[in-house]
J.: 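I am attaching a structure below and will ask some questions about it afterwards.
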Protein chains: 2
Amino acid sequence: MAHLFVCQGRDEIPRWREAFPQARLVNPQQARAWAGRGDRIWVMSNLEGWPALVSTLSGRGATLMVLSYAPNSLEAFQALNAGARGYAHALSPAELLRQVEVVTTNQGIWVWPELLAQVVGGTFKALGGESRLQEEILAVLTGRERAVALAVAEGQSNKAVARRLDITERTVKAHLGAVFRKLGVRDRMQLILRLSHQDASVADSG
Amino acid sequence: MAHLFVCQGRDEIPRWREAFPQARLVNPQQARAWAGRGDRIWVMSNLEGWPALVSTLSGRGATLMVLSYAPNSLEAFQALNAGARGYAHALSPAELLRQVEVVTTNQGIWVWPELLAQVVGGTFKALGGESRLQEEILAVLTGRERAVALAVAEGQSNKAVARRLDITERTVKAHLGAVFRKLGVRDRMQLILRLSHQDASVADSG
DNA sequence: TTGAGTATTGGACCGATGGACAGGTAGCAA
DNA sequence: TTGCTACCTGTCCATCGGTCCAATACTCAA
């Protein structure tokens, strides 16, 4: 599991060297040649064509972190889009760099704090239309039916749903029956599959 | 530094209890009363008005993590927008929950992997984390148990699975019982919730 | 007022489900 | 051989889940 720092020429980053003394400095060509699955690779955003490099190496299964001398939200988004898991200031203290390391090795995302709000907000566009389908599905249901359907979709039993909505189990069954009829599903399992990911076909176990 | 788990009534999450035995279960009112700076708080997304709760507590300087039975991008956005640093499946293994903990304590963001792709456009898929997670889940199962689990995750009944695998319904129950025990779920509904987000394969008619 | 739709509950029925027993075979390793 | 595991099957039983029958009450519109 290599630990690489990709930069142009002899772009020394003392803080980085202090944080990871065992890692090695390489140029983009060497990175493309050596990097593979599980490697941890830091890329400077002042490199020519860094997004393509990040995209390539993350596609191989390496973990990518981008360092910038002038962090900004556009670049942060570029980095994340290319598959980077971390985006920080190039002159961050060693301790912070190690923190980024910890986060990304644990499947997390680390973004320069000042940009975090903007990056999260920027995802709004990408997310907006997603759950429209689910809302469309639930639109044909009455309020009570919807509440029951959502609870069941969480894996709750009829009894648990009854407790949550403060009604009898019998009433839950009544609403659920209406839900099944309106959504055209046989049972609660297919309801879960329908609401979990709407694009999945449902089994016919005739 | 309190470590709280906010839920309605006694919503048992054995995996969570296993991950953080020292933490305590509270209701939303208690959480609002006690939580403060530095606290680590897990919130179930099936709570009434959870976004407001997350927003309030994160505003006080606490670290918020949201757990959902049915992760989706809209909810993920709501969570992050409200100030949550983590968003994961409620039935995640204890190890994964601790991973979320590590990431968020280090100023990182941890988002349910399948949604990460939608958040940052294909990032996660490129990292290959999807298949790795499924392998982790299914690795503990024997070949036959895996076949039964995947069929059930498609919404098949025990009888249909028996026909497909050419075994008796009794044997299906035996394998399924082992699957439940190994994966720490109560019934087939929770199994569907665990696997439906990893495996979107389409069922064939039995 | 009448009727439609919604929300609620009850009883009864029966298949599906999951656990607790208690076995059987085959293969593989010590 | 013994022990272990995967795999397969059986019976019994309590519970859950889904559908049939029915009823009451409330709101809203025609």
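This one's a predicted model, so the numbers in the text were calculated from it and none came from an experiment.
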J.: Go through DNA chain C in 5' to 3' direction and return only the first and the last nucleotide with some atom under 4.0 Å of chain B's heavy atoms.
T.: C:dA16 to C:dC21
J.: Can you name the residues that form a salt bridge (charged side-chain N to carboxylate O under 4.0 Å, His left out) with B:Arg40, not counting sequence neighbours?
T.: B:Glu101
J.: Whether B:His175 contacts D:dC8 is assessed here as follows: a side-chain N or O lying under 4.0 Å from the phosphate OP1 or OP2. Is that the case?
T.: yes
J.: Can you list everything that forms a salt bridge (charged side-chain N to carboxylate O under 4.0 Å, His left out) with A:Lys182? Sequence neighbours excluded, please.
T.: A:Glu145
J.: Only distances under 3.5 Å count here; give the side-chain donor-acceptor pairs of residues 167-176 of chain B to other protein atoms, sequence neighbours excluded, each with its distance to 0.1 Å.
T.:
from: B:Thr168; atom 1: OG1; to: B:Thr171; atom 2: N; distance (Å): 3.3
from: B:Thr168; atom 1: OG1; to: B:Thr171; atom 2: OG1; distance (Å): 2.9

J.: To the nearest 10°, give me the bend of the helix from C:dT1-D:dA30 to C:dA30-D:dT1, comparing the axes of its five terminal pairs at either end.
T.: 30°
J.: Restricting to side chain to side chain contact (heavy atoms under 4.5 Å, CB included), what partner residues turn up for A:Ser45, sequence neighbours left out?
T.: A:Trp50, A:Val66, A:Ser68, A:Glu75
J.: Applying side chain to side chain contact (heavy atoms under 4.5 Å, CB included), name anything that partners B:Val26, two or more places apart in sequence or on another chain.
T.: B:Leu4, B:Val6, B:Arg24, B:Gln30, B:Ala31, B:Trp34
J.: With heavy atoms under 4.0 Å as the rule, sort A:Thr142 into base, sugar-phosphate or nothing.
T.: sugar-phosphate
J.: Which whole-number value in Å describes the distance from B:Glu145 CD to D:dT5 P?
T.: 13 Å
J.: For A:Thr56, enumerate each residue passing the side chain to side chain contact (heavy atoms under 4.5 Å, CB included) test, keeping only those at least two apart in sequence or located in another chain.
T.: A:Arg32, A:Arg60
J.: Base, sugar-phosphate, or nothing for B:Thr168, non-hydrogen atoms under 4.0 angstrom?
T.: sugar-phosphate
J.: Can you name the nearest heavy-atom pair linking B:Thr104 to B:Gly86, along with the distance?
T.: CG2-N, 4.1 Å
J.: Among A:Asp39, A:Leu53, A:Val54, which one satisfies side chain to side chain contact (heavy atoms under 4.5 Å, CB included) with A:Leu64?
T.: A:Val54
J.: Please list, chain by chain and in numerical order, all residues satisfying side-chain hydrogen bond (donor to acceptor under 3.5 Å, both in side chains) with A:Asn158, sequence neighbours excluded.
T.: A:Arg188
J.: In chain order, what residues pass the ring pair (Phe, Tyr, Trp, His ring centres under 6.0 Å) check against A:Phe20, with sequence neighbours excluded?
T.: A:His3, A:Trp16, A:Trp42
J.: So if I define the base as every atom that isn't primed, P, OP1 or OP2, how would nucleotides 17-30 of chain D read as a B/S/- string at a heavy-atom cutoff under 4.0 Å?
T.: BBBBB---------
